[in-house]
Amino acid sequence: MTAPVFVVDEVPPGPEFVLDGPEGRHAVSVKRLRAGEDVVLTDGLGRWAEGVVKAAEGKDRLVVTGVDGVREEPAPAPRVTVVQALPKGDRGELAVETMTETGVDGIVPWAASRCITQWRGDRGLKALAKWRATAREAGKQSRRVRFPEVSDAMTTKQVASLLATADLAVVLHEDRAYGSEPLATAELPATGEIVLVVGPEGGVSPEELEAFTRAGAKAYRLGRSVLRTSTAGTAATALLLGRTGRWS
């Protein structure tokens, strides 16, 4: 098992660091780390450092020593961003969690026309904060040092603008009356950004699909079965990361 990951505002250059606050409490009271155990400190933006627990003090202070300098994980290539239509209930957090664990680089909440859930006012702000907190915690759990960025929610027009800038723009769309290609055989860029749209349970509307097609996107399918919106993004991310060599 690799060392547990803890988030800090700024990765210390060494040689000793005190981890306190919520992260220190999690390390001492939840993880129950003790002297001699390895830890990783990261800012979640790709900068990280390894260290060894020197002492656990009280309920929320972990003294880390042997910090051997700051390292930086290279930016991924190609970058994979999933535009995720808003699912019902807690399925949004489930989608964020599993996509983060799989290795997605960016997540864009999308208020599709067929979404039952809509983010408005304080409710929308709270939901977005939950998605971001979920990405952070899943990033730590999966031992990542570069967490996915969860952007503000986008409209269909904004998503179309994002697709227009992508090196590969994908809309997952399973419809026997509409021609789509297997994502497993799509030609993938070696660098740049792949943007992939996952529609709601009711599917991408004809108007949305037309807007995305005008922006340069193409319709692709994962397979014969139709996945739920909360799992399609994870499956597609896994397929793309395997095919691009990022899982090699």
Side-chain angles (χ1 to χ4, degrees), residues 75-87 91-92 94-115 131 135 138 142 144 146 148-151 154 156 158-248:
R79 176 181 166 87
V80 177
T81 295
V82 173
V83 176
Q84 174 67 59
L86 305 179
R91 286 189 172 274
L94 173 64
V96 171
E97 179 180 55
T98 55
M99 285 192 289
T100 298
E101 291 171 353
T102 303
V104 77
D105 305 301
I107 300 171
V108 178
W110 171 39
S113 63
R114 292 177 175 173
C115 285
W131 280 34
S142 53
R144 292 181 61 169
R146 187 182 292 274
E149 176 187 358
V150 180
S151 76
M154 289 190 181
T156 295
Q158 290 171 322
V159 171
S161 296
L162 178 65
L163 291 169
T165 66
D167 296 276
L168 175 64
V170 172
V171 180
L172 291 183
H173 189 64
E174 176 58 41
D175 185 345
R176 289 182 175 86
Y178 189 96
S180 59
E181 299 178 11
L183 186 59
T185 59
E187 185 175 349
L188 305 182
T191 59
E193 181 159 22
I194 299 171
V195 178
L196 183 143
V197 177
V198 176
E201 296 293 349
V204 179
S205 73
E207 296 78 16
E208 290 164 341
L209 188 57
E210 182 182 355
F212 296 158
T213 301
R214 287 199 306 267
K218 290 183 63 175
Y220 292 89
R221 62 184 182 275
L222 283 172
R224 293 185 178 182
S225 61
V226 177
L227 300 178
R228 300 199 69 163
T229 185
S230 54
T231 55
T234 299
T237 297
L239 175 61
L240 292 172
L241 294 182
R243 290 196 58 214
T244 58
R246 284 181 50 184
W247 273 6
S248 298

Next item on the list: Keeping the roles fixed (side chain from Thr231, backbone from Leu227), state whether a donor-acceptor pair exists under 3.5 Å.
Entry: no
Note to self: Restricting to non-hydrogen atoms, name the atom on Ala184 and the atom on Leu239 that form the minimum distance, rounded to 0.1 Å.
What the structure shows: N-CD2, 3.8 Å
Note to self: With rounding to the nearest 0.5 angstrom, report the CE to OG1 distance, Met99 to Thr81.
What the structure shows: 10.5 Å
Notebook entry, point to check: Which atom names give the shortest non-hydrogen contact between Ser142 and Ala138, and what distance separates them?
Noted result: OG-O, 2.7 Å
Notebook entry, point to check: Side chains of Val204 and Val171: closer than 4.5 Å at any heavy-atom pair?
Noted result: yes
Check: Mind checking whether Val83 and Val198 have side chains closer than 4.5 Å, heavy atoms only?
Finding: no
Notebook entry, point to check: Quick one: does Thr100's side chain get under 4.5 Å of Pro148's, heavy atoms only?
Noted result: yes
Next item on the list: State the CG-CZ distance between Asp105 and Arg246, to the nearest 0.5 angstrom.
Entry: 4.0 Å
Note to self: Can you give me the closest heavy-atom contact between Arg114 and Pro206, atom names plus distance?
What the structure shows: NH2-CD, 3.5 Å
Note to self: Once rounded to the nearest 0.5 Å, what's the spacing between atom OH of Tyr220 and atom CG of Leu172?
What the structure shows: 11.0 Å
Checklist line | Pairing of Arg221 and Glu181 as salt bridge, 4.0 angstrom limit | finding: no
Next item on the list: Please confirm whether the backbone N or O of Pro200 pairs with a side-chain atom of Arg228, one donor and one acceptor, at under 3.5 Å?
Entry: no
Check: How many angstroms lie between atom CG of Leu168 and atom OG1 of Thr244, to the nearest 0.5 angstrom?
Finding: 11.0 Å
Item checked: Option from Thr234, Leu240, Val80 for which side chain to side chain contact (heavy atoms under 4.5 Å, CB included) with Thr102 holds -> Thr234
Next item on the list: Would you check if His173 and Leu209 make a side-chain contact, meaning some heavy-atom pair closer than 4.5 Å?
Entry: yes
Check: Taking 4.0 angstrom as the limit, do Asp167 and Arg79 come out as a salt bridge?
Finding: no
Margin query: For a quick test of reading the model, state the closest non-hydrogen atom pair linking Ala85 to Gly199 and the distance between them.
Written below: CB-C, 3.5 Å
Item checked: Leu163 CG to Gln158 CD distance, which is reported to the nearest 0.5 Å -> 12.0 Å
Notebook entry, point to check: Using a distance-only test with no angle check, is there a side-chain donor-acceptor pair under 3.5 angstrom linking Glu208 and Ser205?
Noted result: yes
Next item on the list: Report yes or no: does Arg243 contribute a side-chain atom to a donor-acceptor pair with the main-chain N or O of Ala186 at less than 3.5 Å?
Entry: yes
Notebook entry, point to check: Would you say Val159 and Val197 make side-chain contact, with heavy atoms under 4.5 Å?
Noted result: yes
Next item on the list: With the side chain counted from C-beta on, respond yes when Gln84 and Thr229 share a heavy-atom pair under 4.5 Å apart, and no when they do not.
Entry: yes
Margin query: Going by the rule side-chain hydrogen bond (donor to acceptor under 3.5 Å, both in side chains), which residues pair with Arg146 if we only count those two or more places apart in sequence or in a different chain?
Written below: none
Note to self: For Glu207 and Ser113, which I'm curious about, is there any donor-acceptor pair between the side chains at under 3.5 Å?
What the structure shows: no
Next item on the list: Would you name the heavy atoms of Ser230 and Thr98 that are closest together and state the gap between them?
Entry: O-OG1, 4.3 Å
Check: CH2/Trp110 to OG/Ser151 distance, rounded to the nearest 0.5 angstrom?
Finding: 13.5 Å
